[in-house]
Protein chains: 2
Amino acid sequence: MIAVNNMNERKKCILRAVTDDYIDTAEPVGSRTIARRYKLGISSATIRNEMADLEESGYLYQPHTSAGRVPSDKGYRYYVDVLLDPEEATEEDNKLIQQILGQQKEAMEKLVRRATKVLAELTDYISVAVIPEHRNATFRHLQLVSLDPNNILAVVVVDPGIVENKVIFTTKPFLPAELERISSHLNNKLRGLKVEELSGTILAEIRDSSPITKDLLECLLEIIDESLADTDEEKLICDGVLHLLEQPEFHDIDRTKLLLGMIEKRNNLVNLLSGLTYSSGVKVSIGEENLRPELKELSLVTATYYLGGQTMGTIGVIGPTRMSYGRAIGLVEEIAHALTDVLKSY
Amino acid sequence: MIAVNNMNERKKCILRAVTDDYIDTAEPVGSRTIARRYKLGISSATIRNEMADLEESGYLYQPHTSAGRVPSDKGYRYYVDVLLDPEEATEEDNKLIQQILGQQKEAMEKLVRRATKVLAELTDYISVAVIPEHRNATFRHLQLVSLDPNNILAVVVVDPGIVENKVIFTTKPFLPAELERISSHLNNKLRGLKVEELSGTILAEIRDSSPITKDLLECLLEIIDESLADTDEEKLICDGVLHLLEQPEFHDIDRTKLLLGMIEKRNNLVNLLSGLTYSSGVKVSIGEENLRPELKELSLVTATYYLGGQTMGTIGVIGPTRMSYGRAIGLVEEIAHALTDVLKSY
DNA sequence: GTTAGCACTCCTCTTTGGTGAGTGCTAAAA
DNA sequence: TTTTAGCACTCACCAAAGAGGAGTGCTAAC
């Protein structure tokens, strides 16, 4: 009780043992269990005393008086920051990841979708990802396809293989050839611009100088802008919900509902993950550290993936606070790397 | 016990009352409840006798000896086929549907996505939809966009606003102008063809007669073919899962898991719904009538939507067998109509 | 044919007591 | 001073038992 940091080696061992065991069994861990299962060379009584200290310092708590101990969020935090020896993804996992991601090239979104699926399968938790904000992207190509005289399909391609499309209805019919001309005109003007630069001035300039019908132009510009800004909905990818329901903490229906609600609503989660996009390395946030109430009893392990030095998006897993952090961190790190790798060739 | 069809008016009334009440309360319905709540002018004893008959004929059953009655699948079937007075979607619902679907034009998929969302919200059940098989579609346009010298983004547009895209990696660099030429060449050859006609012969012909590098051509054809066949995954749209969890029958976690499993796996559900695509009108399948075991205790109400007389896809709801069939049928019908309507202008 | 009455069934909810895992405290041993 | 054995105590968990109640089937009267 003298030291400021009252963590000695033995306490660390015990905290590690309790956490490991609880992660494994989901049952409160008693002193006898520790003494028996982890050969620390001390008796259960000693462990009991140490555990009482650990509880007083807030690393452990008892669900009720005569139960074993469970790590608190603070305990998990200490475990992750100090006690955990980082567990790299196994050779086998890596091979699977490489294989699935390297399979074939395709637009960004599907790639991330596949990554999310693998991650969910390997971790047995929910895996989520956000795909890049379009605002960071560069305008690449606009294609106008005539569906019939009054309907035009506009396909907009921006930098790393993102494709958006929308049907435009015009009262004034256009011939395919005209559309061709308009497309190429706009393409020349816009190609290579950052989407966020597609602001008033440039658009106005085009509007004034161009031989395009006002109506249609307005419409097109609106689409280019709006369809790129698009709703958040599109940007969240999620897989493996079923896994989490296998966990004993989700035998409680209300908790399940809360979680599914969050996933179905999407925007909250998107905002949260987008907010994490600019931190580097693997980020772990545990239980109460999460601001959103739906996540108060869950943990998030996330990492960022890049394209050409620029952050693209976030990918990670959501699991119970009783998460297998070592493995989760290793895998999230690996998948973010793999994703970044694949994207390099884009 | 003389009549072949032993359903008299009174029995019908009672079956309707039991079903209505059970749909409402999710509790087995007793004879006294019927007597009290539905003024049929007969005593509970009489109702009891009738209910015993109805049970013997298989329309009702008792969960246990001293409980009230619950409709069997056969009971629901009779209820839907005979007793239900079709309940049209209310003016208010219609307005909402029109408003949401009419909002703005865009590619098919997003439109159906919105329809599914509305349907889920109005019914409070799970809403699902499949979007059209690409195989029925007509090839419309191919666009090759150069991302960098070695990567080409191929965007394929088929008939009713479906867009597929894929990145092609080539060892041999192409200039944008070359791609332009290739695109237009292929477009001329392929435009207007049914996707299912894009088979060996035509492709072979193109291959022989064209001035395009073999490598790239192979790759392109493969993409046109494969990306249109694509995985089933893309085709299922689903919304409102949360609603169903509010239903008392889903307080049982295992059932919830079964359901979510089916939705997450997708293909089974897709196959099922695709199989329904060619029946006309609103189709109701109840409990055991469904072949998939995950749906044995659920009901499906589906309808088809059309484009130009051709069936496009299926949309509907999944709910407990204790579903509010009247409302569900009305709404599914309405949304399929609305969808067909909006698509008319495509 | 209908209804009142009644015995009977069986689910549901609550209570009770036993069991066991785990604790904290104390005093003895190291 | 630290560690350990011993012991009384706590409390969740479970099974058994009992009360209550909703609903039934059957019988006999209307």
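Quantities reported herein were computed from a predicted structural model and do not represent experimental measurements. Residue numbers begin at 1 in each chain, while the letters A, B, ... track the order of the sequences.
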For this session: Would you name the heavy atoms of A:Ala26 and A:Pro248 that are closest together and state the gap between them?
Result: CB-CG, 3.8 Å
For this session: Please report the closest heavy-atom contact between B:Met323 and B:Ile23, naming both atoms and the distance.
Result: O-CD1, 3.2 Å
Distance-only side-chain donor-acceptor flag, [X] / [Y], under 3.5 Å:
| X | Y | answer |
| --- | --- | --- |
| A:Tyr325 | A:Ser299 | yes |
| B:Asp20 | B:Tyr38 | no |
| A:Asp239 | A:Ser127 | no |

Seminar exercise, completed: So the contacted stretch of DNA chain D, first to last nucleotide with an atom under 4.0 Å from a non-hydrogen atom of chain A, runs from D:dT3 to D:dA12
For this session: Just call it for B:Thr65: base, sugar-phosphate, or nothing, with non-hydrogen atoms closer than 4.0 Å on any strand.
Result: sugar-phosphate
Exercise. Given C:dC11, is OP1 or OP2 found less than 4.0 Å from the side-chain N or O atoms of B:Ser66?
Worked result: no
Exercise. CG of B:Asn49 versus C1' of C:dT2: gap in Å, rounded?
Worked result: 9 Å
Seminar exercise, completed: A:Arg48 CZ to C:dA21 P, in whole Å, measures 14 Å
Exercise. Less than 4.0 Å between a side-chain N and a carboxylate O, is that true for B:Asp93 and B:Arg327?
Worked result: yes
Exercise. Between B:Arg255 and B:Glu249, is the closest basic N to carboxylate O distance under 4.0 Å?
Worked result: no
Exercise. Got more than 12 heavy atoms from elsewhere within 6.0 Å of CZ, A:Arg16?
Worked result: yes
Exercise. Near DNA chain C, under 4.0 Å by heavy atom, which residues of residues 28-45 of chain A?
Worked result: A:Gly30, A:Ser31, A:Thr33
